Amino acid sequence: MPASAAQRRATLFHSRSEDAARALIGWTLTMDGVGGRIVETEAYHPEDPASHSFSGPTSRNAVMFGPVGHIYVYRSYGIHWCMNLVCGDGPGSAVLIRALEPTVGLDQMRERRGTDDVRRLCSGPGKLCQALGVTRAHDGLAVDTPPFALTPGGPAGIITGPRIGITKAAHVPWRFGEAGSRFLSRPFR
DNA sequence: GTATGGATGGACT
DNA sequence: GTCCATCCATACT
């Protein structure tokens, strides 16, 4: 008997963040019926100098040390919001959602993003939060209850590479993407 | 109290 | 390819 969606979520949430980041490719993430298929992720964990959790819990990253399956939202460069899914085999791990392939709520995304170019709606961590309407107000919410929804996907071709935009542990290949996707934030090489 | 530096994206050359 | 807008958690004095 195949695993239920809830069982698959639970298994993924409790996996090491690098395994969860890989497994999330092809799943569908939405908020209030707006979202799409996850095509790009990055893994972070507390032993990782590039991770916000590296120096232990603070008021900003507290959600990373809370229950798995919840959303950690932070402000990037003072302008953008970025969202992570808390998951891992211990506290302080999370997966950064870097890009979606838009599938539902396209009109709302176009309006929020101010462009008709579908490839520019969710092709980056800041873009997808703008397209879905995710802000600090959603920090700490569970990803499997409204307004959020996370549904498992089928098998996907996975490509890996170094994470983007970081200066520490930049060589670790913990960026994951769907092979051949047209909706990545940047190409893999 | 002040200083600093990003897990970015968009405009521009 | 380069430049930079703009916020705030954190480190430091």
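Both backbone and side-chain heavy atoms feed into the values below; hydrogens, waters and symmetry mates do not. Here is the naming used below: chain letters follow the sequence lines, and residue numbers restart at 1 for every chain. Not measured: the values here are computed from a predicted model.
At a threshold of 4.0 angstrom between heavy atoms, the contacts of A:Ser59 are confined to the sugar-phosphate backbone, with no base atom among them. The residue A:Arg163 sits apart from the nucleic acid: no heavy atom pair falls under 4.0 Å.
Residues A:His45 and A:Arg16 are not in side-chain contact: their nearest non-hydrogen atoms beyond the backbone lie 4.5 Å or more apart. Side-chain atoms of A:Leu106 and A:Val118, non-hydrogen and from C-beta on, do get closer than 4.5 Å to each other. At least one side-chain heavy atom of A:Leu12 sits less than 4.5 Å from a side-chain heavy atom of A:Leu24. Side-chain contact between A:Leu121 and A:Lys127: absent, with no pair of heavy atoms (C-beta onward) separated by less than 4.5 Å. Here the side chains of A:Phe183 and A:Glu40 are not in contact, with every heavy-atom distance at 4.5 Å or above.
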Checklist entry - Is there a side-chain hydrogen bond (donor to acceptor under 3.5 Å, both in side chains) between A:Arg112 and A:Gln130 once you walk through the steps? => result CA-CA 7 Å; A:Arg112 287 171 175 155; A:Gln130 186 181 19; over 6 Å; no
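For A:Lys127, counting side-chain heavy atoms from C-beta on, the closest listed nucleotide (B:dG6, B:dA7, B:dG10) is B:dG10. Side chain of A:Ile79, nearest nucleotide from C:dT6, B:dA7, C:dC7: C:dT6. Among C:dA9, B:dT8, C:dC7, the nucleotide with an atom closest to any side-chain atom of A:His80 is B:dT8.
The stretch residues 65-73 of chain A has no heavy atom under 4.0 angstrom from DNA chain B at all. Within residues 89-125 of chain A, no residue approaches DNA chain C, by heavy-atom distance under 4.0 Å. Using a 4.0 Å cut-off on heavy atoms, none of the residues of residues 176-189 of chain A approach DNA chain B.
Atom CG in A:Leu128 sits roughly 12 Å away from atom C1' in B:dA7 (whole-Å rounding). Rounded to whole angstrom, the span from the CD atom of A:Glu40 across to the P atom of B:dT8 amounts to 10 Å. Rounded to an integer number of Å, the gap from A:Arg75 CZ to C:dT6 C1' is 8 Å.
The shortest heavy-atom contact between A:Leu96 and A:Pro125 is CD1-CB, 4.3 Å.
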Under the rule of Watson-Crick or G-U wobble with both distances under 3.5 Å, where | means paired to another strand and [ ] a crossing pair, DNA chain C maps to |||||.||||||.
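Residues meeting the side-chain contact (heavy atoms from CB on, under 4.5 Å) test with A:Ala3, sequence neighbours left out: A:Gln7, A:Arg8. Scored by the side chain to side chain donor-acceptor pair (under 3.5 Å) test, A:Asp48 finds A:Arg163 as partners (sequence neighbours excluded).
With A:Arg98 as reference, A:Ile164 is the one residue of A:Leu184, A:Ile164, A:Thr41 to meet the side-chain contact (heavy atoms from CB on, under 4.5 Å) rule.
Between A:Glu178 and A:Arg37 there is a salt bridge, since a side-chain N of the basic residue sits under 4.0 Å from a carboxylate O of the acidic one.
An OP1 or OP2 oxygen of C:dA9 is reached within less than 4.0 angstrom by no side-chain nitrogen or oxygen of A:His52.
The base of C:dA9 lies outside donor-acceptor range of the side chain of A:Tyr74, with no N or O pair under 3.5 Å.
A:Tyr74 does not carry A:Arg136 over the face of its six-membered ring by the limits of under 6.0 Å from the centre and within 45° of the normal.
In terms of position on DNA chain B, the residue among A:Ile164 and A:Gln130 whose nearest nucleotide sits closer to the 5' end is A:Ile164.
An aromatic stacking contact between A:Tyr77 and the base of B:dG9 is absent, as defined here by ring centres under 5.5 Å apart and ring planes under 30° from parallel.
Here the CH2 atom belonging to A:Trp27 is positioned 5.5 Å from the CG atom belonging to A:Leu150, to the nearest 0.5 angstrom.
When the shell of 6.0 Å around CZ of A:Arg110 is examined, it contains more than 12 heavy atoms from other residues, nucleotides or ligands.
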